[in-house]
There are 2 protein chains.
Amino acid sequence: MTDVTTFYVTVDVVLFTIRDRKLHLLLTRRLAKLFENHYALPGGFVTEDESLDAAAMRELAEETGLLDVHLEQLYTFGDPGRDFRGRTITVAYYGLVPHDQRLQSLTDGCNATWFPVTDLPQMAFDHRKIAEYALERIRNEIDHSNVVFELLHGRFTLTELQSVHQAILGQPLDKRNFRRKVLQKGIVEPTQEWRQTGRKPAQLYRFVQADAARG
Amino acid sequence: MTDVTTFYVTVDVVLFTIRDRKLHLLLTRRLAKLFENHYALPGGFVTEDESLDAAAMRELAEETGLLDVHLEQLYTFGDPGRDFRGRTITVAYYGLVPHDQRLQSLTDGCNATWFPVTDLPQMAFDHRKIAEYALERIRNEIDHSNVVFELLHGRFTLTELQSVHQAILGQPLDKRNFRRKVLQKGIVEPTQEWRQTGRKPAQLYRFVQADAARG
DNA sequence: TCAAAAGTGTTGAAGATACACCCATGG
DNA sequence: CCATGGGTGTATCTTCAACACTTTTGA
């Protein structure tokens, strides 16, 4: 084992949310010398005794204050030359959070900001590629996975759920078809609560966790 | 960067083929002290200046003699404790090869052997988990991806293609439905060649590479 | 002439798409 | 009383699943 190359290993998180009915993702401003002031995905080095999943959660918490975010592994990027400081591979994750989360960095100054996915700034390293890969993935998985429910709180109206789908796909959906589909898939069920905000009260639904699958 | 943990990084390859109409995967016998004589996925350490993809191809070539195998990244496993020699993460790949490839190890003695996926031996490290994850993945992707064509040579009969699908899924398919499906998906096209082997000659088809997608 | 694999259509069920109006509420 | 979003049904098309017999060839 002594003559074997070792690597720096980082995790990077592509975190999505919806604001103004549009899909956004979170970028931080880099403080370090390399790529100083460029935008980058939240992330950082994996430490000695934590799993990759745990590292992704920890880094996200440190840079945004967000806890208990459900993350899924996306892909591992490891081309030589993707980080000039040394041989570094990054394990990318993605996740979604409700739109109203307050962000606060523990490591002050890294200034996390939401950007619409249609209008992303220049990014450090190969983070642009990672972000686009994540976007492609959630669009492909929206119908088969339950990650979308991470964007909503426990109870939600079907219109809210539809709005989430539309934001991710970037296109409108038919209301009646959408409602029929999610109801007969059995992934949501009605509650006896109603949302009073707005004009006519709307019935609230909840996500049915039949099998907590990887999705 | 000086106080940052470094990791050993390996690649492991779950290579499938079909023999006797059943799906098999390739395991090698370990020579190293740790887990000596256990079966393990072909793989090894990533070197200083190669990409992860290249490392997977190289390791596979070294242990089996197979060149130009199309591999897809599967998942990255990095729990602390998965390798007792030190903190090691592995980037797993999967791929498929035609059944008639001759195997020959360059690093003699590692003795690559095909095992039916229904009857796998004990394996070193967390390789069992990796193998099962790969199996789940190809079954899920069989309809959306073109990896199955890696199992066939340039020209093939529809019966051969169907046999490949059946082996992967582990269940029989209806001949007429299968043929209609692949034809109207437009992923195969007939040639003017016929296979004489067997009784009645069968028309040969070829894979249509419209978009060389990751898919 | 027989054994073995090649090839070929139809029907019914389920799922997807397109489409328009009335309702309850707060201002 | 009106503006806003909530809620509902039908007709059509496409897709998927089930199902059996005839053809060609080599032995």
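The figures that follow rest on heavy atoms only: side chains count, while hydrogens, waters and symmetry mates do not. Residue numbering restarts at 1 for every chain, and letters A, B, ... go by the order of the sequence lines.
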Heavy atoms only: give me the nearest [X]-[Y] pair and the separation to one decimal.
X	Y	value
H127(B)	L41(B)	ND1-N, 3.0 Å
H99(A)	I18(A)	CB-O, 2.7 Å
T64(B)	L60(B)	OG1-O, 2.5 Å
D174(A)	Q162(A)	C-NE2, 4.1 Å

In whole angstroms, how far is the [atom2] atom of [N] from the [atom1] atom of [X]?
X	N	atom1	atom2	answer
R179(A)	dG6(D)	CZ	C1'	6 Å
K175(B)	dA17(D)	NZ	P	18 Å
K185(A)	dA14(C)	NZ	P	18 Å
L204(A)	dG5(D)	CG	C1'	14 Å
Q196(B)	dA5(C)	CD	C1'	14 Å
D174(A)	dG6(D)	CG	P	14 Å
K200(A)	dG27(C)	NZ	C1'	18 Å
H165(B)	dC16(D)	NE2	P	14 Å

Output the single nucleotide from [options] whose closest atom is nearest the side chain of [X].
X	options	value
R176(A)	dG9(C), dA20(C), dA24(C)	dA20(C)
R199(B)	dC19(C), dT23(D), dA27(D)	dA27(D)
Q203(A)	dG7(C), dT8(D), dG7(D)	dG7(D)
P201(B)	dG7(D), dT24(D), dC19(D)	dT24(D)
R180(A)	dT8(C), dG7(D), dT10(D)	dT10(D)
N177(B)	dA17(D), dG6(D), dT23(D)	dA17(D)

Residue-phosphate contact under 4.0 Å: T159(A) side-chain N/O, dG6(D) OP1/OP2: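 Looking at the OP1 and OP2 atoms of dG6(D), one of them is under 4.0 Å from a side-chain N or O of T159(A).
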Residue whose closest nucleotide on DNA chain D lies nearer the 5' end, E160(A) versus Q184(B):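 Whichever sits nearer the 5' end wins; that is E160(A).
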- prompt: Is it true that H24(A) and F16(A) have ring centroids separated by less than 6.0 Å?
  reply: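 No, they do not, as the ring centres are separated by 6.0 Å or more.
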